[in-house]
Amino acid sequence: MELPFDPWSPGFVADPYPAYAALRAGGRAHWFAPTRQYLVPHHADVSALLRDRRLGRTYLHRFTHEEFGRTPPPAAHEPFTTLNGHGLLDLEGPDHTRIRRLVAKAFTPRTVERLEPVVRRLAAELVDGLVADGGGDLLTRVAEPLPVAVIAEVLGIPAADRPLLRPWSAAICGMFELNPDEETARRAVVASTEFSAYLRELIARRRKEPGDDLVSALIAAHDEGDRLTGQEMVSTCVLLLNAGHEATVNSTVNGWWTLFRHPERLAELRAGEVPLSTAVEELLRYDTPLQMFERWVLDDIEIGGVVVPRGSEVALLFGSANRDPARFDDPDRLDLARADNPHVSFGAGVHYCLGAPLARLELAASFGALLDRAPGLRPVEEPRWRPGYVIRGLEELLVTL
(Lines give C-alpha, C1' and ligand atoms only; values in the text may rest on other atoms or scores of the structure.)
Protein backbone atom coordinates (compact mmCIF):
# COMPACT_ATOMS: atom_id res chain seq x y z
CA MET A 1 0.00 0.00 0.00
CA GLU A 2 1.08 3.59 -0.54
CA LEU A 3 1.63 4.98 2.92
CA PRO A 4 0.01 8.26 4.04
CA PHE A 5 3.33 9.29 5.58
CA ASP A 6 5.26 12.25 4.19
CA PRO A 7 7.54 13.78 6.86
CA TRP A 8 8.96 16.30 4.37
CA SER A 9 5.54 17.79 3.55
CA PRO A 10 4.64 21.03 5.40
CA GLY A 11 1.01 19.90 5.52
CA PHE A 12 1.94 16.60 7.12
CA VAL A 13 4.23 18.26 9.67
CA ALA A 14 1.48 20.73 10.58
CA ASP A 15 -1.00 17.90 11.27
CA PRO A 16 0.30 14.32 11.07
CA TYR A 17 -2.55 12.84 13.10
CA PRO A 18 -4.97 11.86 10.29
CA ALA A 19 -2.11 10.00 8.60
CA TYR A 20 -1.32 8.23 11.86
CA ALA A 21 -4.91 7.02 12.10
CA ALA A 22 -4.63 5.55 8.60
CA LEU A 23 -1.32 3.87 9.50
CA ARG A 24 -2.85 2.29 12.61
CA ALA A 25 -5.81 1.05 10.61
CA GLY A 26 -3.49 -0.42 7.97
CA GLY A 27 -1.39 -2.62 10.23
CA ARG A 28 1.19 -2.78 12.98
CA ALA A 29 4.42 -2.40 10.97
CA HIS A 30 4.87 -0.66 7.62
CA TRP A 31 7.99 -0.66 5.42
CA PHE A 32 8.80 2.94 4.42
CA ALA A 33 11.22 2.82 1.49
CA PRO A 34 12.39 6.49 1.47
CA THR A 35 14.08 6.06 4.88
CA ARG A 36 14.39 2.24 4.80
CA GLN A 37 12.59 1.89 8.11
CA TYR A 38 9.65 -0.02 9.53
CA LEU A 39 7.07 2.43 10.90
CA VAL A 40 5.39 1.27 14.12
CA PRO A 41 2.22 3.29 14.93
CA HIS A 42 0.42 1.44 17.78
CA HIS A 43 0.82 2.28 21.47
CA ALA A 44 1.13 -1.34 22.63
CA ASP A 45 3.90 -2.08 20.12
CA VAL A 46 5.77 1.17 20.71
CA SER A 47 5.65 0.67 24.47
CA ALA A 48 6.81 -2.95 24.22
CA LEU A 49 9.60 -2.28 21.73
CA LEU A 50 11.01 0.54 23.83
CA ARG A 51 11.66 -2.12 26.48
CA ASP A 52 12.72 -4.94 24.13
CA ARG A 53 16.44 -5.73 24.46
CA ARG A 54 16.46 -7.25 20.96
CA LEU A 55 16.57 -3.64 19.81
CA GLY A 56 19.13 -0.96 20.55
CA ARG A 57 19.99 2.65 19.90
CA THR A 58 23.29 1.39 18.52
CA TYR A 59 24.54 -1.92 17.18
CA LEU A 60 28.27 -1.24 17.56
CA HIS A 61 28.42 -2.93 20.97
CA ARG A 62 27.69 -6.21 19.16
CA PHE A 63 28.54 -5.79 15.49
CA THR A 64 30.78 -3.88 13.13
CA HIS A 65 29.11 -1.76 10.45
CA GLU A 66 29.97 -4.44 7.90
CA GLU A 67 28.63 -7.32 10.02
CA PHE A 68 25.39 -5.40 10.47
CA GLY A 69 25.07 -4.70 6.75
CA ARG A 70 25.48 -0.95 7.16
CA THR A 71 27.80 1.56 5.54
CA PRO A 72 30.06 3.42 7.98
CA PRO A 73 29.32 7.16 8.27
CA PRO A 74 31.40 9.42 6.00
CA ALA A 75 34.80 10.41 7.37
CA ALA A 76 33.85 14.07 6.95
CA HIS A 77 31.11 13.61 9.59
CA GLU A 78 33.58 12.32 12.20
CA PRO A 79 33.26 15.20 14.74
CA PHE A 80 29.49 14.71 14.88
CA THR A 81 29.69 10.90 14.77
CA THR A 82 32.16 10.77 17.65
CA LEU A 83 30.24 13.30 19.75
CA ASN A 84 26.89 11.60 19.22
CA GLY A 85 28.20 8.05 19.46
CA HIS A 86 29.58 8.56 22.97
CA GLY A 87 26.42 10.19 24.32
CA LEU A 88 24.13 8.42 26.76
CA LEU A 89 21.19 8.27 24.36
CA ASP A 90 23.12 6.34 21.70
CA LEU A 91 24.90 3.88 23.99
CA GLU A 92 23.88 0.44 25.19
CA GLY A 93 25.10 -1.57 28.19
CA PRO A 94 27.49 -1.77 29.86
CA ASP A 95 28.63 1.76 28.90
CA HIS A 96 25.10 3.13 29.04
CA THR A 97 24.53 1.65 32.51
CA ARG A 98 27.80 3.04 33.85
CA ILE A 99 27.28 6.59 32.57
CA ARG A 100 23.58 6.77 33.38
CA ARG A 101 24.28 5.77 36.98
CA LEU A 102 26.62 8.74 37.36
CA VAL A 103 24.39 11.28 35.62
CA ALA A 104 21.23 10.11 37.39
CA LYS A 105 22.55 11.61 40.61
CA ALA A 106 21.89 15.06 39.15
CA PHE A 107 18.21 14.34 38.49
CA THR A 108 17.01 12.78 41.74
CA PRO A 109 13.70 14.05 43.16
CA ARG A 110 15.66 15.82 45.90
CA THR A 111 17.82 17.65 43.36
CA VAL A 112 14.81 18.70 41.32
CA GLU A 113 13.05 19.85 44.50
CA ARG A 114 16.06 22.00 45.33
CA LEU A 115 15.89 23.60 41.88
CA GLU A 116 12.17 24.40 42.11
CA PRO A 117 12.46 27.91 43.65
CA VAL A 118 15.08 28.88 41.04
CA VAL A 119 12.96 27.56 38.17
CA ARG A 120 9.82 29.33 39.39
CA ARG A 121 11.71 32.60 39.93
CA LEU A 122 13.22 32.47 36.41
CA ALA A 123 9.81 31.69 34.88
CA ALA A 124 8.19 34.59 36.71
CA GLU A 125 10.92 37.01 35.62
CA LEU A 126 10.66 35.94 31.97
CA VAL A 127 6.87 36.24 31.96
CA ASP A 128 7.03 39.65 33.67
CA GLY A 129 9.34 40.85 30.90
CA LEU A 130 6.90 39.62 28.26
CA VAL A 131 4.00 41.32 30.05
CA ALA A 132 5.92 44.59 30.40
CA ASP A 133 6.39 44.65 26.62
CA GLY A 134 2.75 43.85 25.94
CA GLY A 135 3.62 40.54 24.28
CA GLY A 136 6.14 39.18 21.81
CA ASP A 137 7.43 35.81 20.67
CA LEU A 138 6.59 33.27 23.36
CA LEU A 139 9.28 30.95 22.04
CA THR A 140 12.25 33.30 22.33
CA ARG A 141 10.98 35.26 25.35
CA VAL A 142 9.86 32.42 27.68
CA ALA A 143 9.91 28.90 26.21
CA GLU A 144 13.56 28.94 25.16
CA PRO A 145 15.46 30.89 27.82
CA LEU A 146 13.94 29.06 30.82
CA PRO A 147 15.13 25.47 30.13
CA VAL A 148 18.41 26.71 28.64
CA ALA A 149 19.14 28.65 31.84
CA VAL A 150 18.14 25.73 34.06
CA ILE A 151 20.21 23.02 32.37
CA ALA A 152 23.13 25.43 32.02
CA GLU A 153 22.84 26.09 35.75
CA VAL A 154 22.86 22.35 36.46
CA LEU A 155 25.99 21.89 34.36
CA GLY A 156 27.71 25.05 35.54
CA ILE A 157 27.77 26.93 32.20
CA PRO A 158 28.58 30.61 32.89
CA ALA A 159 25.67 32.96 32.13
CA ALA A 160 27.71 34.90 29.57
CA ASP A 161 28.24 31.74 27.50
CA ARG A 162 24.65 30.53 27.43
CA PRO A 163 23.65 32.29 24.17
CA LEU A 164 26.08 29.95 22.40
CA LEU A 165 24.16 26.84 23.40
CA ARG A 166 20.92 27.04 21.42
CA PRO A 167 22.55 27.57 17.96
CA TRP A 168 24.98 24.70 18.57
CA SER A 169 22.13 22.49 19.76
CA ALA A 170 19.88 23.33 16.80
CA ALA A 171 22.66 22.53 14.32
CA ILE A 172 23.45 19.18 15.95
CA CYS A 173 19.79 18.18 16.30
CA GLY A 174 19.33 18.73 12.56
CA MET A 175 21.08 15.38 12.08
CA PHE A 176 18.29 13.58 13.91
CA GLU A 177 15.81 14.42 11.15
CA LEU A 178 15.09 11.92 8.39
CA ASN A 179 17.64 11.76 5.56
CA PRO A 180 19.56 14.94 6.48
CA ASP A 181 21.32 16.60 3.54
CA GLU A 182 25.00 17.52 3.30
CA GLU A 183 24.47 21.14 4.35
CA THR A 184 22.74 19.95 7.52
CA ALA A 185 25.65 17.58 8.12
CA ARG A 186 28.17 20.36 7.55
CA ARG A 187 26.49 22.61 10.12
CA ALA A 188 26.32 19.73 12.60
CA VAL A 189 30.04 19.01 12.14
CA VAL A 190 30.98 22.64 12.74
CA ALA A 191 28.73 22.84 15.80
CA SER A 192 30.08 19.54 17.15
CA THR A 193 33.65 20.77 16.79
CA GLU A 194 32.97 24.13 18.45
CA PHE A 195 30.74 22.71 21.20
CA SER A 196 33.29 20.01 22.05
CA ALA A 197 36.15 22.49 22.19
CA TYR A 198 34.16 24.79 24.47
CA LEU A 199 33.30 21.95 26.87
CA ARG A 200 36.87 20.66 26.99
CA GLU A 201 37.97 24.11 28.11
CA LEU A 202 35.16 24.26 30.69
CA ILE A 203 36.06 20.82 32.04
CA ALA A 204 39.71 21.86 32.32
CA ARG A 205 38.66 24.96 34.32
CA ARG A 206 36.43 22.89 36.60
CA ARG A 207 39.32 20.52 37.33
CA LYS A 208 41.26 23.48 38.71
CA GLU A 209 38.28 25.26 40.28
CA PRO A 210 35.45 22.82 41.11
CA GLY A 211 31.97 24.19 41.69
CA ASP A 212 28.57 22.95 42.84
CA ASP A 213 27.57 21.65 39.40
CA LEU A 214 27.28 18.43 37.42
CA VAL A 215 30.51 18.88 35.46
CA SER A 216 32.45 19.17 38.72
CA ALA A 217 30.57 16.16 40.10
CA LEU A 218 31.43 14.04 37.05
CA ILE A 219 35.09 15.03 37.38
CA ALA A 220 35.04 14.08 41.06
CA ALA A 221 33.36 10.75 40.34
CA HIS A 222 36.00 10.01 37.70
CA ASP A 223 38.79 10.79 40.12
CA GLU A 224 37.18 8.51 42.71
CA GLY A 225 37.13 5.54 40.33
CA ASP A 226 33.84 5.82 38.40
CA ARG A 227 35.64 6.22 35.12
CA LEU A 228 34.48 8.49 32.33
CA THR A 229 36.69 9.11 29.33
CA GLY A 230 37.18 12.69 28.26
CA GLN A 231 35.01 12.09 25.21
CA GLU A 232 32.26 10.50 27.30
CA MET A 233 32.22 13.52 29.57
CA VAL A 234 31.98 15.95 26.64
CA SER A 235 29.30 13.87 24.89
CA THR A 236 27.30 13.51 28.09
CA CYS A 237 27.29 17.26 28.65
CA VAL A 238 26.23 17.95 25.06
CA LEU A 239 23.41 15.42 25.29
CA LEU A 240 22.16 16.90 28.56
CA LEU A 241 22.30 20.42 27.16
CA ASN A 242 20.49 19.41 23.96
CA ALA A 243 17.91 17.07 25.50
CA GLY A 244 17.59 19.34 28.52
CA HIS A 245 15.93 22.10 26.56
CA GLU A 246 14.93 21.06 23.02
CA ALA A 247 11.90 19.03 24.09
CA THR A 248 10.84 21.51 26.79
CA VAL A 249 10.99 24.47 24.40
CA ASN A 250 8.75 22.72 21.90
CA SER A 251 6.44 21.32 24.57
CA THR A 252 5.82 24.86 25.78
CA VAL A 253 4.97 26.47 22.44
CA ASN A 254 3.16 23.42 21.06
CA GLY A 255 1.18 23.26 24.30
CA TRP A 256 0.17 26.91 24.19
CA TRP A 257 -0.81 26.69 20.52
CA THR A 258 -2.97 23.68 21.45
CA LEU A 259 -4.63 25.68 24.25
CA PHE A 260 -5.25 28.67 21.98
CA ARG A 261 -7.04 26.32 19.56
CA HIS A 262 -9.17 24.94 22.43
CA PRO A 263 -10.42 28.08 24.22
CA GLU A 264 -12.87 26.12 26.40
CA ARG A 265 -10.04 24.01 27.78
CA LEU A 266 -7.87 27.09 28.30
CA ALA A 267 -10.71 28.70 30.23
CA GLU A 268 -10.91 25.62 32.48
CA LEU A 269 -7.20 25.86 33.17
CA ARG A 270 -7.35 29.60 33.90
CA ALA A 271 -10.27 29.05 36.26
CA GLY A 272 -8.31 26.41 38.19
CA GLU A 273 -10.82 23.70 37.34
CA VAL A 274 -8.10 21.15 36.48
CA PRO A 275 -4.73 20.52 38.15
CA LEU A 276 -1.87 22.07 36.23
CA SER A 277 0.25 18.92 36.56
CA THR A 278 -2.50 16.82 34.95
CA ALA A 279 -2.93 19.40 32.18
CA VAL A 280 0.79 19.32 31.39
CA GLU A 281 0.68 15.53 30.96
CA GLU A 282 -2.27 15.83 28.58
CA LEU A 283 -0.53 18.53 26.51
CA LEU A 284 2.52 16.27 26.26
CA ARG A 285 0.30 13.45 25.03
CA TYR A 286 -1.83 15.47 22.69
CA ASP A 287 1.00 16.99 20.65
CA THR A 288 4.35 15.56 21.69
CA PRO A 289 7.48 17.38 20.46
CA LEU A 290 9.34 14.10 19.76
CA GLN A 291 7.29 12.40 17.07
CA MET A 292 9.62 9.50 16.31
CA PHE A 293 12.24 7.43 18.13
CA GLU A 294 14.45 5.12 16.07
CA ARG A 295 16.01 1.82 17.15
CA TRP A 296 18.10 -0.87 15.44
CA VAL A 297 16.96 -4.48 15.30
CA LEU A 298 19.76 -6.59 16.82
CA ASP A 299 17.90 -9.91 16.54
CA ASP A 300 14.97 -10.83 14.31
CA ILE A 301 11.60 -9.76 15.69
CA GLU A 302 8.00 -10.10 14.55
CA ILE A 303 5.44 -7.29 14.70
CA GLY A 304 1.88 -8.18 13.80
CA GLY A 305 2.94 -10.98 11.46
CA VAL A 306 5.67 -8.89 9.82
CA VAL A 307 9.15 -10.35 10.31
CA VAL A 308 11.62 -7.53 10.86
CA PRO A 309 15.11 -8.95 10.31
CA ARG A 310 18.32 -8.15 12.14
CA GLY A 311 19.99 -5.09 10.60
CA SER A 312 16.70 -3.25 10.10
CA GLU A 313 15.68 0.01 11.71
CA VAL A 314 12.31 0.62 13.31
CA ALA A 315 10.75 4.05 13.69
CA LEU A 316 8.55 4.14 16.77
CA LEU A 317 5.88 6.77 16.12
CA PHE A 318 5.35 8.47 19.50
CA GLY A 319 2.82 10.93 18.09
CA SER A 320 0.70 8.08 16.75
CA ALA A 321 1.04 5.96 19.90
CA ASN A 322 -0.20 8.89 21.99
CA ARG A 323 -3.39 9.09 19.89
CA ASP A 324 -4.10 5.36 19.74
CA PRO A 325 -7.80 4.69 20.55
CA ALA A 326 -6.86 1.20 21.70
CA ARG A 327 -5.18 2.80 24.71
CA PHE A 328 -6.76 6.25 25.15
CA ASP A 329 -10.46 7.04 25.34
CA ASP A 330 -11.42 9.54 22.64
CA PRO A 331 -7.71 10.24 21.93
CA ASP A 332 -8.24 13.17 19.56
CA ARG A 333 -10.07 15.09 22.29
CA LEU A 334 -7.99 17.38 24.49
CA ASP A 335 -8.95 16.40 28.04
CA LEU A 336 -6.84 18.37 30.53
CA ALA A 337 -8.26 16.31 33.41
CA ARG A 338 -7.36 12.97 31.78
CA ALA A 339 -6.30 10.68 34.64
CA ASP A 340 -5.34 7.50 32.77
CA ASN A 341 -2.55 8.90 30.62
CA PRO A 342 0.39 6.54 29.92
CA HIS A 343 1.81 8.63 27.07
CA VAL A 344 5.21 7.72 25.67
CA SER A 345 6.51 11.27 25.22
CA PHE A 346 9.42 10.61 27.60
CA GLY A 347 10.11 7.14 26.18
CA ALA A 348 10.35 3.98 28.26
CA GLY A 349 12.80 1.27 29.23
CA VAL A 350 16.51 1.86 29.79
CA HIS A 351 16.43 5.02 27.65
CA TYR A 352 13.54 6.64 29.52
CA CYS A 353 14.24 10.38 29.75
CA LEU A 354 16.45 11.07 32.76
CA GLY A 355 15.37 14.68 32.84
CA ALA A 356 11.60 14.03 32.84
CA PRO A 357 11.13 15.32 36.44
CA LEU A 358 13.02 18.50 35.60
CA ALA A 359 11.08 18.97 32.35
CA ARG A 360 7.78 18.60 34.21
CA LEU A 361 8.91 21.19 36.75
CA GLU A 362 9.91 23.66 34.02
CA LEU A 363 6.64 23.19 32.14
CA ALA A 364 4.55 23.61 35.28
CA ALA A 365 6.53 26.73 36.20
CA SER A 366 6.24 28.43 32.81
CA PHE A 367 2.59 27.50 32.23
CA GLY A 368 1.74 28.54 35.79
CA ALA A 369 3.50 31.89 35.49
CA LEU A 370 1.80 32.68 32.18
CA LEU A 371 -1.63 31.70 33.51
CA ASP A 372 -1.15 33.83 36.64
CA ARG A 373 0.66 36.85 35.21
CA ALA A 374 -0.70 37.03 31.66
CA PRO A 375 -4.40 36.07 31.93
CA GLY A 376 -5.27 37.79 28.65
CA LEU A 377 -2.62 36.02 26.59
CA ARG A 378 -3.72 35.27 23.04
CA PRO A 379 -2.03 34.62 19.68
CA VAL A 380 -1.41 37.38 17.17
CA GLU A 381 -1.48 35.10 14.12
CA GLU A 382 -1.38 31.45 13.17
CA PRO A 383 2.23 30.26 13.54
CA ARG A 384 4.30 28.31 11.03
CA TRP A 385 5.76 24.90 11.80
CA ARG A 386 9.49 24.37 11.41
CA PRO A 387 10.40 21.98 8.56
CA GLY A 388 11.68 19.26 10.92
CA TYR A 389 9.38 16.35 11.69
CA VAL A 390 11.22 14.18 14.24
CA ILE A 391 11.69 17.07 16.68
CA ARG A 392 8.54 19.00 15.83
CA GLY A 393 7.90 22.58 16.85
CA LEU A 394 6.86 26.07 15.77
CA GLU A 395 9.06 28.70 14.14
CA GLU A 396 7.67 31.25 16.61
CA LEU A 397 4.49 31.96 18.55
CA LEU A 398 3.65 35.65 18.59
CA VAL A 399 1.32 36.62 21.43
CA THR A 400 -0.31 39.73 22.80
CA LEU A 401 -2.03 40.59 26.06
Side-chain angles (χ1 to χ4, degrees), residues 1-42 46 57 70-71 73-74 76-77 80-81 84 89-90 139 166-167 169-192 242-243 246-247 249-251 253-254 257-258 261 286-297 308 312-324 332 344-345 347 382-397:
M1 61 179 279
E2 183 176 345
L3 297 181
F5 185 80
D6 186 1
W8 301 284
S9 161
F12 177 88
V13 171
D15 184 11
Y17 296 104
Y20 289 157
L23 285 175
R24 291 192 301 271
R28 290 171 54 192
H30 305 276
W31 172 250
F32 186 57
T35 59
R36 302 186 61 79
Q37 294 171 318
Y38 288 88
L39 307 178
V40 180
H42 288 267
V46 168
R57 282 290 295 176
R70 293 285 160 174
T71 303
H77 297 180
F80 167 80
T81 303
N84 189 61
L89 186 61
D90 278 65
L139 190 151
R166 179 69 168 165
S169 175
I172 290 170
C173 288
M175 288 295 279
F176 304 141
E177 293 299 330
L178 297 172
N179 298 355
D181 58 25
E182 276 307 309
E183 176 56 24
T184 299
R186 187 195 66 78
R187 288 195 297 267
V189 165
V190 171
S192 298
N242 290 350
E246 284 288 347
V249 171
N250 293 324
S251 296
V253 290
N254 294 8
W257 179 234
T258 295
R261 287 178 292 135
Y286 190 82
D287 202 16
T288 180
L290 181 62
Q291 290 285 313
M292 173 190 288
F293 192 70
E294 297 154 313
R295 300 191 76 198
W296 296 105
V297 179
V308 182
S312 304
E313 190 176 35
V314 295
L316 307 178
L317 302 181
F318 282 12
S320 176
N322 284 346
R323 296 282 193 102
D324 187 347
D332 292 322
V344 294
S345 298
E382 182 168 344
R384 296 189 306 274
W385 292 90
R386 290 202 318 264
Y389 157 73
V390 175
I391 303 173
R392 179 170 164 273
L394 300 174
E395 294 273 9
E396 61 180 7
L397 183 55

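These figures come from a predicted structure and were not determined experimentally. The first residue of the sequence shown is numbered 1, and numbering continues consecutively from there. Computed from heavy atoms alone, side chains included, the values below leave out hydrogens, waters and symmetry copies.
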Exercise. Centres of the Y17 and F12 rings: under 6.0 Å?
Worked result: no
Problem set entry | Side chain to side chain, L139 and E395, heavy atoms closer than 4.5 Å | no
Exercise. Which heavy atom of R57 sits nearest a heavy atom of W296, and at what distance?
Worked result: O-CD1, 3.4 Å
Problem set entry | Straight-line distance of L89 CG to F176 CZ, nearest 0.5 Å | 7.5 Å
Exercise. Do side-chain atoms of R392 reach the backbone of A14 as a donor and acceptor pair under 3.5 angstrom?
Worked result: yes
Exercise. Between N322 (side chain) and V344 (backbone), is there a donor-acceptor pair under 3.5 Å?
Worked result: yes
Exercise. H30 versus P41: any side-chain heavy-atom pair under 4.5 Å?
Worked result: yes
Exercise. Would you say F32 and Y38 make side-chain contact, with heavy atoms under 4.5 Å?
Worked result: no
Seminar exercise, completed: Heavy atoms of R323 and D332 approach each other most closely as NH1-OD1, 2.8 Å
For this session: Decide side chain to side chain contact (heavy atoms under 4.5 Å, CB included) for L317 and V46; before the verdict, give the C-alpha distance in whole Å, the side-chain angles of both, and the deciding distance to 0.1 Å.
Result: CA-CA 7 Å; L317 302 181; V46 168; 5.5 Å; no
Exercise. Mind checking whether R386 and I391 have side chains closer than 4.5 Å, heavy atoms only?
Worked result: yes
For this session: Please name the pair of heavy atoms, one in V13 and one in P387, separated by the smallest distance, quoted to 0.1 Å.
Result: CG2-O, 3.9 Å
For this session: Could you tell me whether the side chain of F5 reaches within less than 4.5 Å of the side chain of P16, counting heavy atoms only?
Result: no
For this session: Identify, with sequence neighbours excluded, every residue that meets side chain to side chain contact (heavy atoms under 4.5 Å, CB included) alongside E396.
Result: D137, E381, L398
Exercise. Got a second to check how far D90's CG is from N84's CG, nearest 0.5 Å?
Worked result: 4.5 Å
Seminar exercise, completed: In short, L178 meets P7 closest at the heavy-atom pair CD1-CG, 3.5 Å
For this session: Would you indicate whether the side-chain heavy atoms of M292 and F318 approach each other to under 4.5 Å?
Result: no
For this session: May I ask you to test the T184-M175 pair for a side-chain heavy-atom distance under 4.5 Å?
Result: yes
Problem set entry | Pairs where residues 171-185 contributes a residue and the test salt bridge (Lys or Arg N to Asp or Glu O under 4.0 Å) is met, not counting sequence neighbours | E183-R186, E183-R187
Exercise. Can you name the one residue among Q291, R24, H42 that meets side chain to side chain donor-acceptor pair (under 3.5 Å) with S320?
Worked result: R24
For this session: For R384, look at atom CZ and say whether over 12 heavy atoms of other residues, nucleotides or ligands are found less than 6.0 Å away.
Result: no
Exercise. What distance do T258 atom OG1 and D287 atom CG have between them, rounded to the nearest 0.5 Å?
Worked result: 4.5 Å
For this session: Write down the atom of P34, the atom of N179, and the distance for their closest heavy-atom approach.
Result: O-ND2, 2.9 Å
Exercise. Do E294 and Q37 have side chains that get closer than 4.5 Å, going by heavy atoms?
Worked result: yes
For this session: Walk me through it: do L290 and S345 pass the test side chain to side chain contact (heavy atoms under 4.5 Å, CB included)?
Result: CA-CA 7 Å; L290 181 62; S345 298; over 6 Å; no
Problem set entry | L316 versus R295, closest heavy-atom pair with distance | CD1-CD, 4.1 Å
